[in-house]
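Here's the structure we're looking at; comments come further down.
For the numbers below, each heavy atom of this structure counts, side chains included, while hydrogens, waters and symmetry mates do not. On a predicted model such as this, the values are computed, not experimentally measured, just so you know. First the proteins, then the strands, lettered A, B, ... as listed; each starts at 1.
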There are 2 protein chains.
Amino acid sequence: MVQYSNTALDRSFAALSDATRRGIIDELGRGEASITVLADRFGMTLTGMKKHVQVLERAGLVVTRKVGRVRSCALGSRGLAAEAAWIEVHRRLFEDRFDALDEILNEMKQENDDGSGN
Amino acid sequence: MVQYSNTALDRSFAALSDATRRGIIDELGRGEASITVLADRFGMTLTGMKKHVQVLERAGLVVTRKVGRVRSCALGSRGLAAEAAWIEVHRRLFEDRFDALDEILNEMKQENDDGSGN
DNA sequence: TGAATACTGAACCATATAGTTCAGTGTTAT
DNA sequence: ATAACACTGAACTATATGGTTCAGTATTCA
């Protein structure tokens with residue numbers, strides 16, 4: 001029985017599973033933005049937007065600081081390295097599987113081609 | 001107001017946000033496996049495991065077929081290309097932001113260094 | 001001082017996840 | 001034919017998400 005757990009990846013992949021939150025990352029890629037600006041951009045209440053930003057913040061993808069009455073949101077310095085690493089390693093798993101499948105299919109083809117009828 | 005939506009990425013990132021499901025992908029990288037084998041491996045009921053596999057299947061990451069009374073699960077041919085692509089594009093957004101920050105910090109440093117005292 | 005702005009928190013709703021148990025159905029092996 | 005096996009579906013639990021409204025608090029500006 002295997003015991004897995006990586007709350008960091010849990011949180012960041014969960015954060016990325018929502019189109020609005022992926023959009024917020026796009027937006028912040030163009031520069032810092034307040035909750036109000038983001039809420040306007042995505043046609044949502046301030047409270048709704050605040051929750052999305054909190055999810056991104058808990059995932060370490062976004063950082064915020066309060067400047068006067070405005071909360072300024074920016075991309076976090078942690079970046080997407082861990083997520084990219086997981087995806088890359090496992091992308092190869094998928095590819096290897098299909099390489100293996102190709103091999104099997106080629107072997108079957110050879111067995112057919114050599115006319116042994118087996 | 002921006003209108004985003006990409007259910008494919010929604011589903012696959014959501015599927016990847018659970019450690020058990022990421023573990024299932026690891027496991028299937030070593031070869032096909034039945035629901036029973038996976039349930040054993042992760043110390044879970046058959047019903048629980050079936051749900052995880054369904055989430056992965058809806059996300060297109062896993063394919064299953066019923067052979068007799070056994071459901072055989074394997075990695076899907078779609079792979080993780082779309083997810084890798086999103087991550088790569090946005091990884092650069094993060095990096096560019098910090099390049100920009102570096103620039104600003106360098107400019108500030110220069111202004112300090114030139115002794116204008118401004 | 002007072003109004004407007006920007007956010008915050010509590011409370012609520014519907015739906016999804018992550019898991020369980022229990023009661024089946026269909027398949028295989030004796 | 002019968003038992004064992006592998007799965008399936010319904011129903012139930014607790015918690016999280018994605019959104020809302022409403023009632024504040026803190027800041028800024030006139």
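To the nearest 0.5 Å, atoms CE (Met44(A)) and CE (Met49(A)) are separated by 5.0 Å. One distance of note links CG of Leu38(A) with SG of Cys73(A); it measures 5.5 Å at 0.5 Å rounding. The structure places CG of Leu75(A) at 8.5 Å from CG of Leu80(A), a figure rounded to the nearest 0.5 Å.
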Distances for protein N or O near nucleotides 20-25 of chain C N or O, under 3.5 Å:
from	atom 1	to	atom 2	distance (Å)
dT20(C)	OP2	Thr45(B)	N	3.3
dT20(C)	OP2	Thr45(B)	OG1	2.6
dT21(C)	O4	Thr47(B)	OG1	3.4

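Nucleotide dA16(C) holds its C1' atom 12 Å from the CZ atom of Arg11(B), rounded to whole Å. Residue Leu16(A) contributes atom CG, which lies 13 Å from atom P of dT17(D) at whole-angstrom precision. Gln54(A) places its CD atom 13 Å from the C1' atom of dA10(C), with the value rounded to the nearest Å. Atom-to-atom, CG of Asp18(B) to C1' of dA16(C) comes out at 13 Å; the value is rounded to the nearest Å. Atoms NZ (Lys50(B)) and P (dT17(C)) sit 14 Å apart, rounded to a whole Å. Computed from coordinates, the Arg21(B) CZ to dG19(C) C1' distance equals 12 Å when rounded to whole Å. Asp10(A) places its CG atom 14 Å from the C1' atom of dT15(D), with the value rounded to the nearest Å.
Look at His52(B) and you'll find a side-chain N or O under 4.0 angstrom from OP1 or OP2 of dG19(C). OP1 and OP2 of dA6(D) both lie 4.0 Å or more from every side-chain N or O belonging to Arg71(B).
Contacts of residues 61-69 of chain A with DNA chain D (heavy atom under 4.0 Å): Gly68(A), Arg69(A).
Residues Ala59(B) and Ala15(B) come closest through the heavy atom pair CB-CB, 3.8 Å. Closest approach of Val70(B) and Ser34(B) over heavy atoms only: CG1-CB, 3.6 Å.
Judged by distance alone, the side chain of Arg22(A) and the main-chain N or O of Leu16(A) form a donor-acceptor pair under 3.5 Å. In this structure, Thr7(B) contributes its side chain and Asp10(B) its backbone to no donor-acceptor pair below 3.5 Å.
Using a 30° and 60° split on the angle between ring planes, Trp86(B) and Phe13(B) fall in the perpendicular class, above 60°.
Closest to the side chain of Arg58(A), out of dA6(C), dG19(D), dT17(D), is dT17(D).
Residue pairs meeting the side chain to side chain donor-acceptor pair (under 3.5 Å) criterion with at least one member in residues 42-53 of chain A, sequence neighbours excluded, are Arg21(A)-His52(A).
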